[in-house]
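Sequential numbering from 1 along the given sequence is applied to the chain's residues.
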Amino acid sequence: MEKRNLRKQLTGVVTSNKMQKTIVVAVERKMKHKKYGKFIKKTSKFYAHDEKNESNIGDRVLLMETRPISKNKCWRLVEIIESAK
């Protein structure tokens, strides 16, 4: 019996919720510059499936990897960690 791999999880901030059942989440990570050693913030944008259209711009959310839902969507919303003020 094969052991199934655990799915990846990311936390980020919702930047757009204009589409139906889809949100755009910006995930920030810190990376060390190769030459100078300074830490740089890098941002990646992910499309995620939001079944109930419950998240708003500015919310901090938890995403989980899932099967491809559309051309760009392969993440889904698990929970809203912190609502926008």
Side-chain angles (χ1 to χ4, degrees):
M1 189 157 119
E2 280 187 50
K3 186 182 168 198
R4 196 167 124 187
N5 291 337
L6 292 171
R7 293 182 174 142
K8 292 177 192 159
Q9 290 188 335
L10 296 172
T11 57
V13 179
V14 178
T15 56
S16 172
N17 63 350
K18 290 178 181 175
M19 298 167 273
Q20 290 177 356
K21 296 187 178 185
T22 304
I23 54 174
V24 181
V25 180
V27 177
E28 201 174 78
R29 67 185 196 281
K30 284 186 180 175
M31 186 187 134
K32 199 170 187 178
H33 193 282
K34 239 183 212 177
K35 185 173 181 181
Y36 301 114
K38 182 179 178 180
F39 282 96
I40 304 166
K41 287 181 184 175
K42 292 245 180 179
T43 307
S44 301
K45 282 159 71 171
F46 295 96
Y47 286 79
H49 186 68
D50 181 8
E51 184 62 41
K52 299 171 190 162
N53 286 321
E54 57 192 1
S55 60
N56 294 310
I57 295 172
D59 289 355
R60 182 165 291 285
V61 294
L62 177 68
L63 303 179
M64 184 181 279
E65 198 176 30
T66 185
R67 64 178 177 79
I69 296 166
S70 69
K71 179 184 171 186
N72 296 321
K73 271 200 290 188
C74 53
W75 294 87
R76 65 183 166 88
L77 176 71
V78 177
E79 67 172 315
I80 298 171
I81 298 168
E82 185 183 331
S83 293
K85 292 174 183 169

Visitor: Quick one: CD1 on Ile57 to NZ on Lys18, what's the gap to the nearest 0.5 Å?
Guide: 6.5 Å
Visitor: Is it the case that one hydrophobic cluster holds both Ile81 and Val78, taking links as side-chain heavy atoms less than 4.5 Å apart, direct or via other members?
Guide: yes
Visitor: Taking all atoms of both residues into account, what is the closest heavy-atom pair of Asp59 and Ala84, and its distance?
Guide: OD1-N, 2.7 Å
Visitor: Where the side chain of Ser44 meets the backbone of Val27, is there a donor-acceptor pair that is under 3.5 Å apart?
Guide: no
Visitor: For Lys73 and Thr22, does a side-chain donor sit closer than 3.5 Å to a side-chain acceptor?
Guide: yes
Visitor: State the CG-NZ distance between Asn72 and Lys45, to the nearest 0.5 angstrom.
Guide: 11.5 Å
Visitor: In Å, rounded to the nearest 0.5 Å, how long is the span from NZ of Lys30 to CD1 of Ile40?
Guide: 12.0 Å
Visitor: Could you pull out the closest heavy-atom pair between Tyr47 and Met19, with the gap in Å?
Guide: CE2-CE, 3.7 Å
Visitor: Check Lys42 with Glu28, please: is the shortest side-chain N to carboxylate O separation under 4.0 Å?
Guide: no
Visitor: Any donor and acceptor pair, going by atom type alone, linking the side chain of Asn17 with main-chain N or O of Ile23 inside 3.5 Å?
Guide: no
Visitor: Might you point out which heavy atoms bring Val13 and Arg60 nearest each other, and give the distance in Å?
Guide: CG2-NH2, 3.7 Å
Visitor: Tell me whether the count of non-hydrogen atoms from other residues, nucleotides or ligands lying under 6.0 Å of CG in Leu6 goes above 12.
Guide: no
Visitor: Could you give the distance from OG1 (Thr11) to CD (Glu82), rounded to the nearest 0.5 Å?
Guide: 11.0 Å
Visitor: Can you hop from Ile80 to Phe46 via hydrophobic side chains spaced under 4.5 Å?
Guide: yes
Visitor: Looking only at heavy atoms, what is the nearest atom pair of Pro68 and Cys74, with distance?
Guide: CA-CB, 4.2 Å
Visitor: Do the side chains of Lys32 and Lys38 get nearer than 4.5 Å, heavy atoms only?
Guide: no
Visitor: Could you check whether any side-chain heavy atom of Asn53 comes within less than 4.5 Å of a side-chain heavy atom of Lys21, counting everything from C-beta outward?
Guide: yes
Visitor: Report the distance from atom CD of Glu65 to atom CZ of Arg76, rounding to the nearest 0.5 Å.
Guide: 10.5 Å
Visitor: Testing the basics here: between Ala26 and Thr15, what is the closest heavy-atom pair and its distance to 0.1 Å?
Guide: CB-CG2, 3.7 Å
Visitor: Do Trp75 and Met64 have side chains that approach each other closer than 4.5 Å (heavy atoms only, starting at C-beta)?
Guide: no
